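Ligands are counted one by one from 1 in listed order, and the atoms in each one are counted from 1 as well. Note that these values count all heavy atoms, side chains included, but never hydrogens, waters or copies made by symmetry. As the structure is a prediction and not an experimental result, all values here were calculated from the model.
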Amino acid sequence: MDLLPKCDANYVPLSPITFLPRAASMYGNHTSIIYGGTKFIWRETYERCLRLACSLRSLNIVKNDVVSVLAPNIPALYEMHFAVPMAGAVLNTINTRLDAKNIATILKHSGAKVFFVDYQYVPLASDALELLASNSMPLVVVIDDIDSPTGIRLGELEYEELVYKGDHRYAPYMLDDEWDPITLNYTSGTTSEPKGVVYSHRGTFLSTMSLLLQWKMGSEPVYLWSLPMFHCNGWTFTWGIAARGGTNVCIRNTCATDMYQAIVEHKVTHMCCAPIVFNILLEASLTERRWLASPVEILTGGAPPPASLLEKIEKLGFLVTHAYGLTEATGPALVCEWQARWDQLPHQEQAKLKARQGISVLTLADVDVKNLETMASVPRDGKSVGEIVLRGSSIMKGYFKDPKATAKAFKDGWFLTGDMGVIHPDGYLEIKDRSKDVIISGGENISSVEVESLLYKHPRVLEAAVVAMPHSHWGETPCAFITLKKGEKGEVVKEEEIISFCRKNLPGFMVPKKVVIIDELPKTATGKIQKFQLRALAKSFSVSVTKIIQRTPQNRNQRSQYTVLQPMEEAVLAMSRL
Ligand code: ADP
């Protein structure tokens with residue numbers, strides 16, 4: 001039997017690019033993309049991608065060249081997920097919230113040959129390009145607004161012109177190794193400097209298949225692009241929507257008005273987002289909010305969704321599936337697969353189960369929680385904490401041009417996530433913290449996620465982030481940063497009230513010794529709270545800091561209710577500049 005050779009008919013490299021010609025053939029007349037007043041069908045999308053790939057080749061783009069793009073969720077960015085690999089190149093989507101310096105660093109590090117820039121980001125891109133040496137300058141192509149062109153340019157080339165000039169009879173680049181790179185994604189840098197994560201055709205194909213299955217996405221979904229496509233290639237749904245012959249609803253901004261309007265107008269069935277977007281949907285005013293005629297499936301992840309928030313968003317008509325992942329795992333690696341027997345449980349209990357990060361996606365080989373010193377698995381008791389480790393084809397190939405960091409990320413055939421978690425007796429994993437976020441107080445480990453979950457239960461807390469604050473006696477102690485929901489006029493929330501709420505519901509050592517009420521928390525483009533900024537801030541607080549915070553009659557009705565004196569003044573000023 002094993003002497004049967006591989007042949008051309010069965011030895012075909014796995015690649016998500018194959019979903020596009022299939023969609024063009026099976027769903028050719030179905031709407032592929034909607035953006036404002038612009039609509040495409042799958043036949044057109046395929047043809048436009050072939051044309052763009054052809055034009056890229058005529059710009060001397062060859063196998064493994066990097067093509068970077070700085071754009072929000074627009075049709076061009078969707079098309080580039082197919083067109084760039086169809087030219088044999090590697091797509092690098094850049095986070096639009098980065099500053100010019102970071103963008104320049106990515107362009108330089110990736111060695112981008114072509115840089116596509118959405119018209120709205122031309123000033124930012126120009127600043128970034130100015131920081132590059134002339135020998136590392138990519139060819140720049142502006143993407144003008146396809147719905148209402150602006151005429152804004154940066155250099156000679158424009159996206160629609162490239163599409164127009166390309167030949168639709170172009171024969172796409174033939175992949176001969178499924179391990180070839182398809183995209184290069186820089187981590188969002190929540191815990192360290194951004195690193196370039198290389199995805200393979202095989203890994204992205206398998207990840208896409210897992211998510212379609214585990215999110216139970218049937219054919220012809222209407223998918224709202226509320227998750228940035230630049231984040232892990234939209235958790236692979238850039239390719240996944242083509243695989244299901246679905247419709248991509250593109251929006252530039254994830255504001256409540258645009259999301260609700262798109263949901264109602266286009267009858268959206270699915271969307272992905274970080275839990276932080278739940279707040280945007282929940283806090284929408286009555287004029288922004290729309291009645292949902294049928295439930296919308298949401299896949300959430302990227303940060304822990306507190307159980308209380310899950311309960312609230314589901315009451316609005318959204319059905320939430322919770323996933324956990326990271327850039328290095330091609331997006332989601334665990335999904336909290338729902339079990340029918342949980343349907344009978346009270347809502348609160350269901351939300352608690354759903355807040356757990358879940359079980360491995362189907363195409364991963366294995367997931368475990370281990371003691372990294374001994375590499376022994378922790379017992380499945382829901383209590384013993386270890387590091388979450390993963391193995392399988394959708395784990396990144398490695399960090400681009402960084403063998404040292406790549407070697408550090410793997411141990412004994414496992415990828416180390418840097419996240420601390422437990423395994424429950426039913427096999428479901430739950431994150432306790434990122435290893436860097438654990439607070440060690442008097443020798444006790446405190447999970448910042450647990451303290452945050454409680455804070456989210458307070459009726460006035462909108463967002464919460466808990467970090468370690470130096471303490472002369474305990475070493476570290478929790479410090480909470482919170483933002484508040486819009487309350488009644490003149491209604492004031494005091495730090496003491498939040499602390500006493502925690503005291504009633506948490507063991508003493510877990511109670512934050514300090515609660516800072518601020519207008520906004522620093523976040524990454526994907527809505528992740530940047531704890532390292534808060535940690536730096538908390539470091540500047542002395543234990544006696546509460547003594548120098550005074551409330552005055554003048555500020556008692558303001559949203560930030562404290563008059564803050566040195567050194568807090570400095571710290572909060574720094575915060576407002578983040
Ligand atoms: P960065 O590491 O720079 O933040 P990522 O976007 O890859 O970039 O973030 C991955 C991290 O986000 C994970 O390691 C984990 O700490 C956190 N995360 C992702 N999904 C979840 C989730 N469902 N629950 C808790 N934390 C999550």
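Annotation for Ile529 and Ala465: closest pair CG2-CB, 3.8 Å, computed over non-hydrogen atoms. The minimum heavy-atom distance linking Val438 with Met420 is given by the pair CG2-CG, 4.0 Å. Residues Lys539 and Pro470 share a closest heavy-atom pair of CA-CD, 3.7 Å.
Side-chain contact check for Val516 versus Ile482: every heavy-atom pair is 4.5 Å or farther apart. At least one side-chain heavy atom of Phe318 sits less than 4.5 Å from a side-chain heavy atom of Leu292.
Counting only N and O atoms by type, the side chains of Ser448 and Lys531 include a donor and acceptor under 3.5 Å apart.
Between Glu328 and ligand 1, a contact under 3.5 Å exists for no N or O pair. In terms of polar-atom proximity, Arg434 is counted as a contact of ligand 1, with an N or O under 3.5 Å from an N or O of the ligand. Considering backbone and side-chain atoms together, Gly302 places an N or O closer than 3.5 Å to an N or O of ligand 1.
Classified by interplanar angle (parallel below 30°, tilted 30° to 60°, perpendicular above 60°), the ring pair Trp215/Tyr223 is perpendicular. The aromatic rings of Trp338 and Trp342 lie perpendicular to each other, with more than 60° between the two planes, well past the 30° mark.
Applying the 4.0 Å criterion to heavy atoms of His231 picks out, from ligand 1, the atoms 6 (O). Below 4.0 Å from some heavy atom of His322 lie the following atoms of ligand 1, by number and element: 22 (C), 23 (N), 24 (N). The contact set between ligand 1 and Ile431, taken as ligand atoms under 4.0 Å from a residue heavy atom, comprises 25 (C), 26 (N).
Residue Thr327 touches ligand 1 through backbone and side chain together, judged by heavy-atom distances below 4.0 Å. When heavy-atom distances to ligand 1 are checked against a 4.0 Å cut-off, Asp419 comes that close only through its side chain, counted from C-beta outward. Here Cys232 has no heavy atoms under 4.0 Å from ligand 1, in either its backbone or its side chain.
Distances from atom 19 (C) of ligand 1 to the heavy atoms of Gly301, Ser435, Gly325 put Gly325 nearest.
At least one heavy atom of Ala323 sits closer than 4.0 Å to an atom of ligand 1.
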